[in-house]
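Below: the structure, in structure tokens.
Because only heavy atoms are used, hydrogens play no part in the values below, and waters and symmetry mates are left out as well, while side chains stay in. Letters A, B, ... are given to chains in the order of the sequence lines, protein chains preceding strands, and every chain is numbered from 1.
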2 protein chains.
Amino acid sequence: MAIPAATDTTLSSRDKILDTAEPLFARFGFAGVGLREVADRVGMGKSSLFHHFPSKVQLYVAVMERVFQEFDARLEAEAQGESSPIDQLHAWTSASVRMLAEHPHWAALLLRSIIEGEVITEEDSERIDRLYEQIVNRVSEALQSGIAAGMLRTVSIPHTIQTFIGMTIFHFASGELGEDLVGASVYEPTQVEAQLAHIRDYIEFGLRSSPSAAC
Amino acid sequence: MAIPAATDTTLSSRDKILDTAEPLFARFGFAGVGLREVADRVGMGKSSLFHHFPSKVQLYVAVMERVFQEFDARLEAEAQGESSPIDQLHAWTSASVRMLAEHPHWAALLLRSIIEGEVITEEDSERIDRLYEQIVNRVSEALQSGIAAGMLRTVSIPHTIQTFIGMTIFHFASGELGEDLVGASVYEPTQVEAQLAHIRDYIEFGLRSSPSAAC
DNA sequence: GTCTATACACCGATAGAC
DNA sequence: GTCTATCGGTGTATAGAC
């Protein structure tokens, strides 16, 4: 319940607003957050927010865009080591899990951006959509070349990507349900490792071509 | 975008309200729906809603409870044929997919009930939580006996259940993202069949004990 | 760049007539 | 069981002083 206010004085007002709004939008969604609450936590008047962002929607978009950019940048960094498609999938899913574990609000935020497309105009979400597409394309290409090389079973690429998103974003956004299920917070280090192992298992047993053909 | 109003005159006012509120809460969430909009669509004054439900939260809970009850009842019906744990998992996941495909608002609604626990009191969500628990327990027991019988790999039960929820509820709640990914609505009959196949694959290749030990 | 004051619509909820 | 009228509060956003 406790959401600490951003107090670092070295940050620009704009960044302080984004830092403050991020966990609020993650927890309560776009409609569930009032600008008064954001302003109070930042420590400024409600009207001052409009000096930095022209509207509530634009603030929401800015929050989302920042997360997507950082997420995508980390995945790109993780693509440097040229390895097999399967190793690439391991690297990306593992990086995604670690990122979500390090930023406990991101999973809920990203999940909301998927199901709350209604509130944002197509134009407003254009740049976000492009970042989403970029991330999906990375994984898609790895799956494609893995299948082409005979290393992966001939799975449906879109459905497999959906499963990856479920195992990463949904898993860490599941909050109380996930907590009841695993018996501890999904953000506990041991639980993070367990989910990493679960995804590794999925790739090795559910996706990798069975070696039994060699029998 | 078009959400048809409930016009069936044979329904009680209470049911008409629930039918109207359900897709609205699914699309816009608890905070995103105003009682004025619900009342307008039902065709009554805003105040009349309070004759049937004491508060907005109670209306929300009633909507959720109805969906959970129907969902659970169908799973229970699907548990009649006494078969192997693996067949039971196939039957339940398949039934879940078909239910979500038949009720296009349920996935978003159920997903929101997972991540929007904040707005509801523990007391209010007690009965819903119990239904959730019941559903999870069914699947949990099937997984457990499947592992005990050596038919399934020794996977983590909670993490596997989370993956099932991702493959069912999240998949059908993914809206535009899922649509962009698969190239068509995830509710198109061919896409529903594709997701059924994807889940069958996961159970057979990702969960079933490898027969390669017999080599 | 932040403030106070304010505009105007909508919110959930209540009271009481019919 | 539905209505009109109304309450107090909050919503986003603007105007203009400092």
Side-chain angles (χ1 to χ4, degrees), chain A residues 3 5-64 112 116 118-121 123-125, chain B residues 3 5-64 112 116 118-121 123-125:
Chain A
I3 301 177
T7 50
D8 191 337
T9 53
T10 66
L11 263 55
S12 71
S13 291
R14 191 190 144 89
D15 286 337
K16 269 197 282 193
I17 295 169
L18 289 174
D19 288 346
T20 306
E22 188 178 291
L24 288 173
F25 281 135
R27 277 177 181 258
F28 306 108
F30 178 78
V33 176
L35 294 183
R36 185 198 175 214
E37 174 127 31
V38 176
D40 283 354
R41 286 176 190 273
V42 174
M44 56 167 53
K46 201 174 41 164
S47 311
S48 304
L49 296 178
F50 289 92
H51 178 77
H52 302 278
F53 301 95
S55 73
K56 185 188 176 183
V57 170
Q58 301 276 8
L59 168 59
Y60 182 74
V61 170
V63 168
M64 289 294 182
R112 283 187 189 278
E116 267 175 21
E118 315 275 348
V119 295
I120 305 179
T121 321
E123 250 177 278
D124 288 326
S125 65
Chain B
I3 301 178
T7 50
D8 191 336
T9 53
T10 67
L11 265 56
S12 71
S13 290
R14 194 191 142 88
D15 286 336
K16 270 196 283 194
I17 296 169
L18 290 173
D19 288 345
T20 306
E22 190 178 290
L24 287 173
F25 281 134
R27 276 175 181 258
F28 307 108
F30 178 79
V33 176
L35 294 184
R36 187 198 175 215
E37 175 130 29
V38 175
D40 283 354
R41 285 176 190 273
V42 174
M44 56 167 54
K46 193 174 53 161
S47 310
S48 304
L49 296 178
F50 290 91
H51 178 77
H52 301 279
F53 302 94
S55 73
K56 185 188 177 184
V57 170
Q58 301 277 6
L59 167 60
Y60 182 75
V61 170
V63 167
M64 289 294 181
R112 282 188 190 279
E116 265 173 24
E118 316 276 348
V119 295
I120 305 179
T121 322
E123 252 175 279
D124 288 325
S125 65

*Taking OP1 and OP2 of D:dG1, is either one under 4.0 Å from a side-chain nitrogen or oxygen of B:Ser48?*
no
*Contacts to DNA chain C from residues 49-63 of chain B, heavy-atom cutoff under 4.0 Å, which residues?*
B:Phe50, B:Ser55, B:Lys56
*Figure out the CZ/P separation between A:Phe28 and C:dC11, and round it to whole Å.*
20 Å
Nucleotide N/O of nucleotides 5-10 of chain C paired with protein N/O under 3.5 Å:
residue	atom	partner	partner atom	Å
C:dA5	N6	A:Ser47	OG	2.9

*asked:* Can you list everything that forms a ring-ring contact (aromatic ring centres under 6.0 Å, His included) with A:Phe50? Sequence neighbours excluded, please.
replied: none
*May I have the distance from A:Arg14 (atom CZ) to C:dT2 (atom P), rounded to whole angstrom?*
13 Å
*Are any of the side-chain heavy atoms of A:Thr121 and A:Val57 separated by less than 4.5 Å?*
no
_Once side chain to side chain contact (heavy atoms under 4.5 Å, CB included) is applied, do any residues pair with B:Ser48, and if so which ones, sequence neighbours excluded?_
B:Met44
*Could you check how far CG of A:Leu11 sits from P of C:dG1, rounded to whole Å?*
15 Å
*How would you list, by chain and number, every residue that makes a side chain to side chain donor-acceptor pair (under 3.5 Å) with B:Glu37, sequence neighbours excluded?*
B:Arg41
*Figure out the CG/C1' separation between B:Asp40 and D:dT2, and round it to whole Å.*
15 Å
*asked:* Tell me every residue that passes side chain to side chain contact (heavy atoms under 4.5 Å, CB included) with B:Val33, counting only those two or more places apart in sequence or in another chain.
replied: B:Leu24, B:Phe25, B:Phe28, B:Val38
*So what does A:Val38 hit on the nucleic acid, given a heavy-atom distance under 4.0 Å: a base, only sugar-phosphate, or nothing?*
nothing
*Could you check if a side-chain atom of B:Gln58 sits within less than 4.5 angstrom of a side-chain atom of B:His52, using non-hydrogen atoms only?*
no
*So do the side chains of B:Ile17 and B:Thr20 get within less than 4.5 Å of each other, counting heavy atoms only?*
no
*Work out which heavy atom in A:Arg112 is nearest to a heavy atom in A:Ala26; give both atom names and the distance.*
NE-O, 2.9 Å
